[in-house]
Amino acid sequence: MAFSKDQLLDRLKELQIEFSQYEHPVVLTVEAQAKYVGNLGGALSKNLFLKDKKHRYYVVSALADTKVDLKVLSQRLGLGKGGLRMAAEEALVEILKVPLGCVTPFAVVNESARHVSLLLDQGFKTQEYCFFHPLSNDMSISLNAHGLDKFLKSIGRDPSYVDLEANPPVGKDQPPDLAAFVPSDAPILSDLPVKAPTQDSTGKHVSAASNSAAVAAKAVKPSGNVQNVKEKPVNTVQPSIPAADAGNFVEELLDRASALLLSEISEDSIKQHSGQLGAEVANNIKKCLREDLKNLATIFKNTAYTEGFYAGTRYQPKRL
């Protein structure tokens with residue numbers, strides 16, 4: 001069962017952690033939260049829920065004015081420049097057990113988040129107190145870093161504070177300084193289920209028509225960047241595109257593109273890129289889908305060619 005806001009507040013009281021709570025309307029951004037608690041003297045926080053290509057998850061909690069460059073952070077974790085992205089809303093609900101706009105360090109209290117890595121801004125330690133959502137964005141609570149540490153230690157978490165604005169060089173003789181924060185024992189979490197196999201007009205499953213199509217199917221290796229598309233086994237003889245059906249080919253492309261688009265649009269990406277969000281999303285979609293779409297097109301081309309070849313060998317012209 002997921003922790004509720006009331007349960008969290010009760011836990012803080014049991015631990016004798018000093019905090020203040022402020023109810024307000026539901027807010028989705030730091031700017032909106034600031035309208036209700038920004039005049040109370042504490043520092044506001046922004047919280048990112050991220051994932052890497054191997055479906056490992058991270059919560060990054062920082063001061064609102066801390067600049068978090070995901071490409072730099074990804075390199076510092078040893079994941080390469082494009083190794084981190086915003087996690088999908090479905091993963092947010094499944095793993096942190098909170099809705100959109102409610103990401104918080106307190107969410108790691110849930111058992112489902114036991115493999116989520118938590119990185120805290122070292123700037124929290126310089127503040128008298130900071131504001132966080134207590135698993136719900138209709139309230140903000142303020143506490144100091146000592147109180148947050150006490151809570152995290154009570155659930156078996158060793159608080160990890162890092163300089164999120166640092167950009168140390170990473171190379172052969174300079175290993176990633178944050179590599180220790182990459183979860184090593186996280187299970188691979190599947191995304192939404194794959195749709196049932198496509199059937200033809202007779203109700204039979206459509207299979208590959210030749211070995212050439214099967215080889216193309218084996219060559220497909222999903223990039224792992226597309227949300228909600230479960231990886232298909234590479235040892236199957238059935239390609240992603242059933243026969244040479246253009247309609248199914250288009251649907252496959254649309255499914256992958258729309259899933260990735262949804263994963264790119266989030267509260268944090270809107271705040272981070274503002275007016276440049278459209279260009280940023282477009283570039284990410286191109287980069288992440290390019291290889292997948294090339295592979296799908298190759299399968300479609302090979303399957304269509306094979307279908308045409310077999311149709312020709314089966315065709316017997318009438319004798320005059």
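This is a predicted model, so every value here is computed, not measured.
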Please test T66 against D121 for side chain to side chain donor-acceptor pair (under 3.5 Å), starting from the C-alpha separation and ending with a verdict.
CA-CA 8 Å; T66 294; D121 190 343; 2.5 Å; yes
Under 3.5 Å, side chain of R76 to main-chain N/O of A166, donor-acceptor pair present?
yes
Verify the neighbour count for atom CD of Q16: are there more than 12 heavy atoms of other residues, nucleotides or ligands below 6.0 Å?
no
Decide yes or no for S142 and F132: does some side-chain heavy atom of the first lie under 4.5 Å from some side-chain heavy atom of the second?
no
Which pair of heavy atoms, one from S45 and one from V30, lies closest together, and at what distance?
O-CG2, 3.6 Å
Between N144 and Q127, is a side chain to side chain contact (heavy atoms under 4.5 Å, CB included) present by the stated rule, with each step listed?
CA-CA 7 Å; N144 57 29; Q127 303 298 318; over 6 Å; no
Among the clusters formed by ILVMFWY side chains lying less than 4.5 Å apart, do V170 and L178 turn up in the same one?
no
When rounded to the nearest 0.5 Å, the distance separating CD of Q122 from OG of S160 is 12.5 Å
Sole candidate of F19, F3, F151 that passes ring-ring contact (aromatic ring centres under 6.0 Å, His included) when paired with F106:
F151
Over all atoms of both residues, closest heavy-atom pair of A43 and L63:
CB-CD2, 3.7 Å
I'd like to check R56 versus L79 (side-chain heavy atoms, cut-off strictly below 4.5 Å). Are they in contact?
yes
Run the numbers on L48 and L70 for side chain to side chain contact (heavy atoms under 4.5 Å, CB included), then give the verdict.
CA-CA 10 Å; L48 312 177; L70 294 189; 4.3 Å; yes
Close side-chain approach of L96 and Y57, heavy atoms under 4.5 Å:
no
Closest heavy-atom contact between P134 and L9?
CB-CD2, 4.3 Å
Pi-cation contact, Y161 with K125 (under 6.0 Å, within 45°):
yes
Is there a donor-acceptor contact under 3.5 Å linking the side chains of N110 and S112?
no
Could you check V68, L119, V59, L73 and say which one makes a side chain to side chain contact (heavy atoms under 4.5 Å, CB included) with L50?
L73
Do Y129 and S20 have side chains that get closer than 4.5 Å, going by heavy atoms?
no
In terms of hydrophobic clusters joined by side-chain contacts under 4.5 Å, are V37 and V26 together?
no
Distance in Å, E111 CD paired with I95 CD1, rounded so as to fall on 0.5 Å steps:
13.0 Å
To the nearest 0.5 Å, tell me how far S117 OG sits from H115 NE2.
12.5 Å
Heavy atoms, side chains only, cut-off 4.5 Å: are R11 and E14 in contact?
yes
In this structure, would I17 and L120 fall into the same cluster of hydrophobic residues linked by side-chain contacts under 4.5 Å?
yes
How about CD on Q21, more than 12 heavy atoms from neighbouring residues, nucleotides or ligands closer than 6.0 Å, or not?
yes
Nearest 0.5 Å please: distance from the NZ atom of K150 over to the CG atom of L143.
11.5 Å
Kindly determine whether Q33 and S140 satisfy side chain to side chain donor-acceptor pair (under 3.5 Å), including the steps that lead there.
CA-CA 8 Å; Q33 183 188 25; S140 296; 2.8 Å; yes
Considering only heavy atoms from C-beta outward, does the side chain of P176 approach that of L77 to under 4.5 Å?
no
Got a sec: does the NE2 of H24 have more than 12 other heavy atoms crowding it under 6.0 Å?
yes
Joint hydrophobic cluster, Y36 plus L44, side-chain heavy atoms closer than 4.5 Å
yes
So how far is it from L148 CG to C130 SG, rounded to the nearest 0.5 Å?
8.5 Å
Determine whether a donor-acceptor pair (N or O, by modelled atom type, separation under 3.5 Å) exists between the side chain of S74 and the backbone of G80.
yes
Taking atom types as modelled and ignoring hydrogens, do the side chains of H55 and K51 form a donor-acceptor contact shorter than 3.5 angstrom?
yes
What I'd like to find out is whether the side chain of F49 reaches to under 4.5 Å of the side chain of M86, using heavy atoms alone.
no
Enter the distance from N137:CG to K5:NZ here, rounded to the nearest 0.5 Å.
9.5 Å
Do V93 and V98 make a side-chain contact, defined as non-hydrogen atoms from C-beta onward lying under 4.5 Å apart?
no
Closer than 3.5 angstrom, by distance alone: can the side chain of H133 be matched with the main-chain N or O of M139 as a donor-acceptor pair?
yes
Using a 3.5 Å distance criterion without hydrogens, assess whether the side chain of Q7 forms a donor-acceptor pair with backbone atoms of S4.
yes
With clusters defined by side-chain heavy atoms of hydrophobic residues (ILVMFWY) lying less than 4.5 Å apart, directly or transitively, does L164 cluster with V182?
yes
Hey, mind stepping through F181 and L118 against side chain to side chain contact (heavy atoms under 4.5 Å, CB included) and telling me if it holds?
CA-CA 8 Å; F181 297 108; L118 175 62; over 6 Å; no
Dump the intermediate steps for side chain to side chain donor-acceptor pair (under 3.5 Å) on S136 and D138, then the final yes or no.
CA-CA 6 Å; S136 177; D138 60 357; 2.6 Å; yes
Check: N47/T104 side-chain N/O donor and acceptor closer than 3.5 Å:
no
Using the side chain to side chain contact (heavy atoms under 4.5 Å, CB included) rule, take I141 and L12 through it: C-alpha gap first, then chi angles, then the decisive distance, then the call.
CA-CA 11 Å; I141 62 173; L12 294 177; 3.7 Å; yes
Are the charged groups of D52 and R85 less than 4.0 angstrom apart, N to O?
no
